2 protein chains.
Amino acid sequence: MTGQRTEATQPAVGVEERPEPPGLPDPLPEPAAADIRLETVLGALSDPLRLRIVRKLLLESEEFDHTCGWFGLDRPKSSLTHHFRALREAGVTRQRQYGLERRSQVRVADLNARFPGLLDLVAAWTPPDGD
Amino acid sequence: MTGQRTEATQPAVGVEERPEPPGLPDPLPEPAAADIRLETVLGALSDPLRLRIVRKLLLESEEFDHTCGWFGLDRPKSSLTHHFRALREAGVTRQRQYGLERRSQVRVADLNARFPGLLDLVAAWTPPDGD
DNA sequence: GTACTTGTACGAGTGGAGTCGAACTTAGCA
DNA sequence: TGCTAAGTTCGACTCCACTCGTACAAGTAC
């Protein structure tokens, strides 16, 4: 049951019922596209570390999703779990479980449809003290 | 000295040195346009009440600035002071003192220059439980 | 089997944000 | 002179987010 939160604690409001391409693991619990709230997304993106994660995914992902280790973030694993979950529960990213690894990708289509231009701002962002 | 914070407590990093049109009071301390940080702005806009304030200013202000009372917010005055200051210190709004009243306006030009499209998202936002 | 790796769950500590009441300051007006 | 209105400041409270260490679960490889 690794990587699967229990029903009692998962806060996802509406889990998407989208037909998946064959061979992909199901996404972890996430809000449906229509349930993504602007104030929640802005709150998720107001943290520099998470802004960095999303920006790196946008600029360097090349259509693939990535594990937590790929980002090269100098934080304990429990802290990274916290931030990646915050992004997923806000609807910013989607996470899938591949064996041991949990890979993340930005929900580009959903976010561009609901908040056009927002991801452009994230991509253009520069960290306070360099990259 | 009402409405003027002391030098010791004001956190504004760089106060703008812009020549003012005649007859307008000086703006209260605010970050210069170049010092406005995306993560700070997103944090300021992640609160539903502040999102509501900015949206109302954008949709109904008609080029004029407005007092706190104009918004019709059902909160104590001390709470409103807190939120209006958060917006101003993040660089989202500008406040000027007119006698007893402190009027707010959105820094539309500055924000559109630094974060194009962001204010459109705020204007298009709908509160969770109606307006 | 054992060891290693990825990531979670849990608990604790810390700090900051949101909320509010009460007292205060100031401007305008009767 | 005194009252009223707009908004601040201060202190206190609560709650949540961030951080982290530790322990645990589950694949993978030897």
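The basis for the numbers below is simple: all heavy atoms, side chains too, and nothing from hydrogens, waters or symmetry mates. The shown structure was predicted, so the numbers you read here are calculated from the model rather than taken from an experiment. All chains are named by letter (A, B, ...) in the order of the sequence lines, taking the proteins before the strands, and each is independently numbered beginning at 1.
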For atom [atom1] of [X] and atom [atom2] of [N], their distance in whole Å:
{"X": "E89(B)", "N": "dT8(D)", "atom1": "CD", "atom2": "P", "result": "11 Å"}
{"X": "I53(B)", "N": "dG18(C)", "atom1": "CD1", "atom2": "P", "result": "11 Å"}
{"X": "E101(A)", "N": "dG27(D)", "atom1": "CD", "atom2": "P", "result": "13 Å"}
{"X": "L87(B)", "N": "dA17(C)", "atom1": "CG", "atom2": "P", "result": "13 Å"}
{"X": "Q97(B)", "N": "dA27(C)", "atom1": "CD", "atom2": "C1'", "result": "10 Å"}
{"X": "L80(B)", "N": "dG18(C)", "atom1": "CG", "atom2": "P", "result": "13 Å"}
{"X": "R96(B)", "N": "dA6(D)", "atom1": "CZ", "atom2": "C1'", "result": "19 Å"}
{"X": "Y98(A)", "N": "dG7(C)", "atom1": "OH", "atom2": "P", "result": "13 Å"}

Looking at [atom1] of [X] and [atom2] of [Y], how far apart are the two atoms once the value is rounded to the nearest 0.5 Å?
{"X": "R103(B)", "Y": "W70(B)", "atom1": "CZ", "atom2": "CH2", "answer": "10.5 Å"}
{"X": "T40(A)", "Y": "L45(A)", "atom1": "OG1", "atom2": "CG", "answer": "11.0 Å"}
{"X": "F71(B)", "Y": "E60(B)", "atom1": "CZ", "atom2": "CD", "answer": "9.5 Å"}
{"X": "L87(A)", "Y": "Q95(A)", "atom1": "CG", "atom2": "CD", "answer": "8.0 Å"}

Problem set entry | Pairing residues for F115(A) by the ring pair (Phe, Tyr, Trp, His ring centres under 6.0 Å) criterion, not counting sequence neighbours |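 By the ring pair (Phe, Tyr, Trp, His ring centres under 6.0 Å) rule, F115(A) matches no residue at all.
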For this session: Determine, for nucleotides 18-23 of chain D in 5'-to-3' order, which nucleotides have protein heavy atoms under 4.0 Å from the base (write B), from only the sugar-phosphate (write S), or from neither (write -).
Result: SBBB--
For this session: Evaluate the side chain to side chain contact (heavy atoms under 4.5 Å, CB included) criterion for residues R94(B) and D110(B): first the C-alpha distance (whole Å), next the side-chain angles of each, then the deciding distance (0.1 Å), finally the verdict.
Result: CA-CA 11 Å; R94(B) 169 166 300 138; D110(B) 290 338; 3.7 Å; yes
For this session: Using the side chain to side chain contact (heavy atoms under 4.5 Å, CB included) rule, take I36(B) and R107(B) through it: C-alpha gap first, then chi angles, then the decisive distance, then the call.
Result: CA-CA 11 Å; I36(B) 301 179; R107(B) 296 172 64 176; 4.0 Å; yes
Exercise. Of the candidate nucleotides dA26(D), dT8(C), dA6(D), which contains the atom at the shortest distance from the side chain of R102(A)?
Worked result: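 Selected nucleotide (nearest to the side chain): dT8(C).
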Exercise. Looking at R85(B), does any N or O in its side chain come under 4.0 Å of the phosphate oxygens OP1/OP2 on dG7(D)?
Worked result: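 For dG7(D), OP1/OP2 do not have a side-chain N/O of R85(B) under 4.0 Å.
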For this session: Examine distances only and state if a side-chain atom of R50(B) and a backbone atom of A86(B) form a donor-acceptor pair shorter than 3.5 Å.
Result: no
Exercise. Are the side chain of R88(A) and the backbone N or O of E30(A) linked by a donor-acceptor pair below 3.5 Å?
Worked result: no
For this session: Specify the angle, to 10°, made by the local axes at the two ends of the helix from dG1(C)-dC30(D) to dA30(C)-dT1(D) when five pairs are taken at each end.
Result: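 Rounded to the nearest 10 degrees, the bend comes out at 10°.
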